[in-house]
**Q** 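What follows is a single structure, and I will ask about it in a moment.
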Amino acid sequence: MDVANLRARFEDMGDQLSRRPHLLRLGALFSETVLIEVDGNEFYLTFHRGLLEKVTEGPSRQTPWRFALRVDSASLEKFWEPIPEAFYHDIFGFVKTGRGRIDGDILALVKNLRYFKEFMALGRKKEAVQ
Amino acid sequence: MNAPTAFEPIIGRYLTIEVAGRSYRIYVEEAGQGQPVICFHTAGADNRQWRHILNDAELTSQYRFIAPDLPWHGKSLPPEGFEEEEYLLTTEVYVETVLKFVEAMGLENPIYAGCSMGGRIALQLALNNPEPFKGFIAIEASDFQPAWYDIDWFHRPDAHGGEMGAALVSANIAPQSPRAERWNTQWMFMQSGPGVFRGDLNFYTKDDSLVGKLGGIDTSKTPVHIMVGTYDMTCTPEDAKRTADQIPGATLAVMDGIGHFPMSENPATFRPHFVEALSKMD
């Protein structure tokens, strides 16, 4: 998946997020920038009160971010399958298998864990289990 | 008076046991008649994880399933003085709780079935206290699992430990499991008392006392059957296999398409594997 496709995917996930009242409720206190790095390509996702405000492509050394999810595109594609295979079904699976890394303010992630996991799962294909 | 037919067959009652010199009021659910099977829940949850087995008419015609809430869990109260205490479960207290429970219930030769930390205790009992038991079903069980998370996340003054715990353990639930049961499984973690999940994980992630000792289990007297789901990232199939390989005569079942809470998250997928496990206890 190339950079333009990934950016479009994240923006589409933001659109879906705006139509999910339960996620907006869960994310009501979440106003942070999250770095998602895919195959070394940086995407800064800026959330405001649960809404995805903007997606900015890197590289950038000046954009502050709260936590980062770094993964390869093949793993992310597997994660976005409708029924992902074992160990690709959750963002922590990337860490467990060594295919990805989560760093930064992990506590900020954990405090908003359900919200962020369900946001990431919005990238799944339509028949996906949410 | 006849019970309304709408009631489930599960009966819930309380009993008080003494463990490590302290008194604990324990909530117990049971259903069925026949060979007793005591069923222990995972960390951070309660006996509702076993609701589908206790409601299984075919199984309860042959087995008496008894599922307690451990102290501090579900409807079992914490001990007097809990309000100023840091809850930290230990292997010793858990083992004594099981043994005192079996004694208080007057059970003869029960099968022990436990999941996750309950599965770890199955192995502890099989090694050190096998006498009262007919056999052990160790579900999502391994000799040792160091934490891949910070257990202190789950007990903080500035966040809801239950919601964080549920969101974390969802990593161990298979996406194939029915949506309603996936969320019922997480609800128990959301409801867990403050600090209880953390206190359970204290022993589960730190006690490595079984490492190198599992060869001492005598499965000719008490069979050990280990079960593991392919979507379990806490006790992986590799962890369960490593554990089973160390126990002469132990059997292992790898369950496709299910996670760390099999009896709760996907009862239909779990059932045939559990029937097989029960048959191995004879």
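Chain identifiers are assigned alphabetically (A, B, ...) following the order of the sequence lines, protein sequences preceding nucleic acid strands; residue numbering begins at 1 within each chain.
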**Q** Who among A:Ile91, A:Asn112, A:Val110 has the most heavy-atom pairs with chain B under 4.5 Å?
**A** A:Val110
**Q** So, A:Tyr88 and A:Glu77: side-chain donor and acceptor under 3.5 Å apart, yes or no?
**A**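 Not at all, the side chains of A:Tyr88 and A:Glu77 share no donor-acceptor pair under 3.5 Å.
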**Q** A:Phe79 ring centre to A:Arg124 NZ or CZ under 6.0 Å, with the angle to the axis within 45°?
**A** yes
**Q** Are a donor atom and an acceptor atom from the side chains of B:Glu85 and B:Tyr87 found within less than 3.5 Å of each other?
**A**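 B:Tyr87 and B:Glu85 do not have a side-chain donor-acceptor pair below 3.5 Å.
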**Q** Is chain A contacted by the side chain of B:Ile173, its backbone, both, or neither, given a heavy-atom distance below 4.5 Å?
**A** backbone
**Q** Is it the side chain or the backbone of A:Lys117 that comes within 4.5 Å of chain B heavy atoms, both, or neither?
**A** side chain
**Q** Determine, for A:Asp105 against A:Arg66, whether the closest basic-nitrogen to carboxylate-oxygen distance falls under 4.0 angstrom.
**A**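 Salt bridge flag = yes for A:Arg66 with A:Asp105.
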**Q** Is chain A contacted by the side chain of B:Asp158, its backbone, both, or neither, given a heavy-atom distance below 4.5 Å?
**A** both
